[in-house]
Structures are given as structure tokens and as C-alpha cells.
Amino acid sequence: MRVGLLQEGDLTGTTPYERYHQLIDEVVLADSLGFSTWGTSEQHFSPPSFSIAAPEVLYAAIAMRTNKIKLRTMASVMLKWNHPILVAERLATLDIVSRGRAEVCTARSNNLTTLAAFDVDPSETRDQWEDGMDVLMKAMTAEKLEHNGPIWQIPSVEVVPKPYTKPHPKVTVAASSAQTHVNAGTRGIGSITFDNYFGFDYLQECLDAYRSAFDETDHSAVVSPNDYRGLYVATAYCAEDRDEARSVARGVAMDYFQFILNLYAPLSKNPGYTYLDTIEQLIEHRDDLDWLCEYTPSVMIGTPDDFIERIRRLEAMGVDEVLLRIDGVGHQNICKALELIGHEVIPVVDPSAA
């Protein structure tokens with residue numbers, strides 16, 4: 001089981017200037033400790049928990065200071081404001097400067113504030129993602145890109161540069177609903193279960209839906225299909241003592257959970273987001289960190305032994321990689337947690353990382 005990181009420039013107690021430079025140093029440390037992947041999301045208008053609006057610039061800086069760790073966009077939002085040709089060009093550039101370490105996770109946004117600011121109807125996000133994905137795959141692999149879809153109409157053009165990785169870097173989608181997992185499996189791309197506060201049974205439902213869709217679909221026409229399954233752990237923190245871990249991470253865990261509830265509650269009323277119909281159970285536990293640590297795959301706070309036990313459980317469910325959001329608890333605490341995971345967890349769950 002691989003162990004990666006997803007950090008989003010949480011500004012708690014600091015500034016963007018300080019946090020960005022700290023974050024670069026943290027990825028360099030993670031690279032030396034055997035973490036598999038690092039990524040950040042494209043976020044707008046959501047401080048202090050999220051501050052990275054131009055992730056490609058950070059990726060380039062990190063690529064120059066790291067050697068092994070994969071650099072995965074998590075996620076490139078495939079909606080009207082992010083033309084899929086631009087996504088393809090930026091990804092190819094990152095793949096070149098990182099010498100083949102780039103990967104791309106795509107998404108349709110679940111943030112109504114962002115959708116409103118960029119004038120996107122929530123009911124249209126799935127169609128925009130689907131058509132954008134078709135363009136992205138062509139842009140990375142076709143000698144000439146030409147497309148006539150419901151969203152994008154593109155005359156014959158030559159996209160430059162092409163990725164260093166052939167036929168293209170690994171492609172995944174951030175999936176919160178079972179239907180998006182099915183769509184990923186049908187397409188033959190990987191899935192990363194995002195913001196799953198709905199429990200382990202729901203996670204298994206999503207993983208099984210993905211596996212069935214992937215296995216039942218003929219991918220002979222797909223360039224380089226992959227059946228990768230990742231899990232985004234929205235709040236993670238590791239310490240030698242469980243009480244210490246929960247004390248340090250309590251604030252950031254509960255703030256992030258409240259942020260998610262603020263997104264989910266209004267979003268649940270929109271067509272295409274029916275997987276949010278159990279939101280009331282989450283609201284009932286909005287102040288209960290212990291419940292979150294036990295009930296949801298999206299929170300992993302505890303000792304190295306707790307991490308190993310949880311990771312083994314997830315591996316048995318069919319997860320290939322956990323992506324830990326260790327952020328918002330201060331640079332020194334983050335480095336201490338990375339060291340602990342790197343020395344005591346990764347060698348147990350992923351011996352190949354040594």
C-alpha cells in the first residue's frame with residue numbers, strides 16, 4: 001500500500017508567503033522518506049483552509065527540488081474555466097520538467113461558491129467533465145487534436161508539448177459518488193475517493209462499483225487503461241501518543257469537517273448530487289472528533305500503530321494508495337508527523353518505498 005500526501009496550503013497561523021515555502025520544504029522531506037505521491041488541489045475563495053489557486057506554479061518549484069515522489073494534480077477541475085487543452089499543456093510541461101513524474105487527477109467541483117463565481121450551473125458539471133476528459137485524452141496522445149463535442153468544438157490543431165511519459169501520465173478522477181466511480185471504471189481511468197465522510201460501508205460500495213464497471217467494460221480502444229484506486233484522507237496526523245495526536249489535530253479536523261458540511265448541505269439539494277442524502281447524520285456529529293476517527297475513512301489521527309491498522313483495513317477493501325492531508329497544524333508538527341510516518345509506517349505497509 002502506497003502512502004502519499006495531499007496538502008492545500010492551509011494558512012492557519014501563517015501567510016501564503018510563509019506557508020508556500022514551508023510546503024515546498026515539506027515535500028522535499030516527504031520525498032526523502034519514501035512517500036509515494038504529493039499533490040494539491042486547485043481552490044478559489046476558501047481561506048484559510050485552502051490557499052492554492054495556481055498549483056502548476058508550485059508543482060514546477062517542487063519538481064526542481066525532488067527526485068522520486070510523483071507529482072499529481074489533485075485535482076484539475078474540468079469545467080468551463082479550465083480549458084482541457086490548457087490542462088493538457090500544463091501537465092505535459094510538468095511531466096517534462098519532473099522527468100516523467102507527473103500524474104493528473106481531474107474533478108468536477110463540489111463548491112457552489114466557485115461554481116457561481118465562474119458561472120457554471122451545478123447540473124452541468126458532469127457533462128462538462130465528460131467532454132473535457134475526451135479532449136484531454138486526445139490532446140495528450142493524438143498527433144492532431146480535433147473535437148466536436150457538446151461542450152467543446154475544436155478544429156484540427158497540434159498540441160505542444162506532449163508528455164514525456166508515453167503514452168501519457170496516469171489519469172484519475174476525484175470521485176465522491178458511486179456514480180462517478182462507475183464513470184471512472186467505464187472510462188478505464190483510476191479513481192480517488194474524495195471527501196468520503198459517509199463511512200466504510202459507503203467506501204466499499206464505491207470501490208465495488210468501480211471494480212465492477214472496470215471489469216465489465218471493454219477497454220481495448222482506451223490508450224493505457226489503469227485500475228488504480230486511491231483514498232483521500234481529508235485530515236491526517238500522526239504522533240507517538242493518540243491523545244497528543246488528537247489534541248494537535250482537533251482544530252484543523254473539525255474546521256475542515258465544518259467546511260465540508262457547509263459545501264454539502266446546499267449542494268445536496270441539486271440534481272446529480274443524490275449521494276449526499278445522508279448529510280443529516282454528519283450534521284449530528286459535527287462536534288464529535290472521536291466519532292469521525294472511528295466512523296469515517298476521511299479522518300486518520302493517531303499513533304503509527306493506528307495508521308498501520310487503518311491502512312491494512314483499507315488495503316483489504318481494495319485501496320491501492322492513501323493520500324494524507326497533513327496540513328494546518330504548523331510546519332514543525334507537520335515535519336514531525338512526516339518523519340514518524342516515514343520511519344515507522346511506510347516501511348511496514350510499503351517496503352518497496354525503501
Side-chain angles (χ1 to χ4, degrees), residues 1-8 10 22-40 59 62-63 65-72 74 98-103 105 170 172 190 192-194 196 200 203 207 226 228-242 244-246 248-249 252-253 293 296-354:
M1 170 78 92
R2 297 187 296 277
V3 180
L5 288 173
L6 194 161
Q7 297 173 291
E8 296 172 298
D10 191 310
Q22 291 172 352
L23 193 149
I24 293 170
D25 289 339
E26 290 160 13
V27 187
V28 172
L29 175 61
D31 185 38
S32 72
L33 292 169
F35 283 81
S36 56
T37 310
W38 180 83
T40 190
Y59 281 111
I62 289 167
R65 292 191 54 193
T66 54
N67 298 300
K68 297 177 296 183
I69 196 166
K70 296 288 187 179
L71 304 175
R72 181 188 297 138
M74 291 192 280
S98 68
R99 295 179 171 88
R101 290 186 286 130
E103 298 182 359
C105 177
K170 181 184 290 185
T172 55
I192 302 178
T193 305
F194 257 68
N196 174 19
F200 287 90
L203 172 61
L207 294 172
N226 79 90
Y228 161 92
R229 288 154 293 175
L231 171 67
Y232 169 51
V233 179
T235 305
Y237 188 69
C238 189
E240 293 282 5
D241 178 79
R242 185 182 299 166
E244 177 192 348
R246 294 190 181 180
V248 171
V252 69
C293 288
T296 170
S298 283
V299 180
M300 191 185 302
I301 302 172
T303 67
D305 286 343
D306 292 332
F307 270 61
I308 292 168
E309 181 181 355
R310 172 65 61 84
I311 288 170
R312 292 297 192 208
R313 179 181 182 181
L314 295 170
E315 185 176 33
M317 294 175 69
V319 174
D320 299 314
E321 183 180 41
V322 292
L323 301 159
L324 307 176
R325 186 185 191 271
I326 304 177
D327 208 349
V329 294
H331 178 59
Q332 289 186 339
N333 284 330
I334 291 171
C335 291
K336 285 167 56 179
L338 296 180
E339 292 271 8
L340 203 54
I341 295 168
H343 291 306
E344 298 192 25
V345 177
I346 291 176
V348 177
V349 302
D350 185 14
S352 65

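On a predicted model such as this, the values are computed, not experimentally measured, just so you know.
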* To do: Would you sort out whether F307 and V233 count as a side chain to side chain contact (heavy atoms under 4.5 Å, CB included), showing the intermediate values?
  => CA-CA 12 Å; F307 270 61; V233 179; over 6 Å; no
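- Panel note: side chain D31, backbone V28; no donor-acceptor pair is recorded below 3.5 Å.
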* To do: Decide salt bridge (charged side-chain N to carboxylate O under 4.0 Å, His left out) for E339 and K336; before the verdict, give the C-alpha distance in whole Å, the side-chain angles of both, and the deciding distance to 0.1 Å.
  => CA-CA 5 Å; E339 292 271 8; K336 285 167 56 179; over 6 Å; no
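- Closest approach of G342 to P347, counting heavy atoms only: O-CD, 3.2 Å.
- The closest side-chain donor-acceptor pair between T172 and R72, if any, does not fall under 3.5 angstrom.
- Taking CG from L29 and CZ from F35, the interatomic distance works out to 7.5 Å, rounded to the nearest 0.5 Å.
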* Check the pair L314, F200 against side chain to side chain contact (heavy atoms under 4.5 Å, CB included), reporting the backbone distance first and the verdict last. => CA-CA 9 Å; L314 295 170; F200 287 90; 3.9 Å; yes
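- Contact check for L338 versus L5: side-chain heavy atoms found under the 4.5 Å cut-off.
- Under the 4.5 Å side-chain criterion, counting only non-hydrogen atoms from C-beta, L231 is in contact with P297.
- A salt bridge links R312 with E315: the distance from a Lys NZ or Arg NE/NH1/NH2 to an Asp or Glu carboxylate oxygen falls below 4.0 Å.
- S36 places a side-chain N or O within 3.5 Å of a backbone atom of V3 that can act as its donor or acceptor partner.
- Evaluation of the salt bridge (charged side-chain N to carboxylate O under 4.0 Å, His left out) rule for R229 yields D320 as partners, not counting sequence neighbours.
- Annotation: salt bridge (charged side-chain N to carboxylate O under 4.0 Å, His left out) contacts of R246 (sequence neighbours excluded): D290, E294.
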* **Audit row: V322, V349, side chain to side chain contact (heavy atoms under 4.5 Å, CB included) steps and yes/no** => CA-CA 11 Å; V322 292; V349 302; over 6 Å; no
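- At distances below 3.5 Å, at least one donor-acceptor pair connects side-chain atoms of R310 with backbone N or O atoms of V299.
- Heavy-atom minimum distance, A337 versus Y237: CB-CE1, 3.7 Å.
- A distance-only check finds a donor-acceptor pair linking the side chain of T40 to the backbone of Q7 [under 3.5 Å].
- The distance from the CG atom of L33 to the CD1 atom of I341 is 9.5 Å, given to the nearest 0.5 Å.
- Atoms CD and CD1, on E26 and I334 in that order, are 4.0 Å from each other to the nearest 0.5 Å.
- Between V329 and A249, the shortest heavy-atom contact is CG1-CA, 4.2 Å.
- How far CH2 of W38 is from CG of L71: 7.5 Å, rounded to the nearest 0.5 Å.
- T37 and E321 share a side-chain donor-acceptor pair at under 3.5 Å.
- Under the rule for a side chain to side chain donor-acceptor pair (under 3.5 Å), N333 has no partner lying at least two apart in sequence or in another chain.
- The nearest pair of heavy atoms linking G34 to A353 is O-CB, 3.4 Å.
- Of the possible donor and acceptor atoms, none in the side chain of D10 sits under 3.5 Å from a partner among the backbone N and O of D327.
- Counting only distance, with no hydrogens or angles, the side chain of R101 and the backbone of I69 share a donor-acceptor pair below 3.5 Å.
- Atom CG of residue D305 and atom CZ of residue R242 lie 9.0 Å apart, to the nearest 0.5 angstrom.
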* Evaluate the criterion side chain to side chain contact (heavy atoms under 4.5 Å, CB included) for residue pair Y228 and R2; output intermediate values, then yes/no. => CA-CA 11 Å; Y228 161 92; R2 297 187 296 277; 3.4 Å; yes
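- The shortest distance between side-chain heavy atoms of D25 and R65 falls below 4.5 Å.
- In this structure, the separation between CG on L340 and CD1 on I326 is 9.5 Å, given to the nearest 0.5 Å.
- The main-chain N or O of S298 is never found under 3.5 Å from a side-chain atom of T235 such that the two would form a donor-acceptor pair.
- Side-chain contact between M74 and R325: absent, with no pair of heavy atoms (C-beta onward) separated by less than 4.5 Å.
- Shown here for G100 and K70, the closest heavy-atom pair between the two residues is O-NZ, 3.7 Å.
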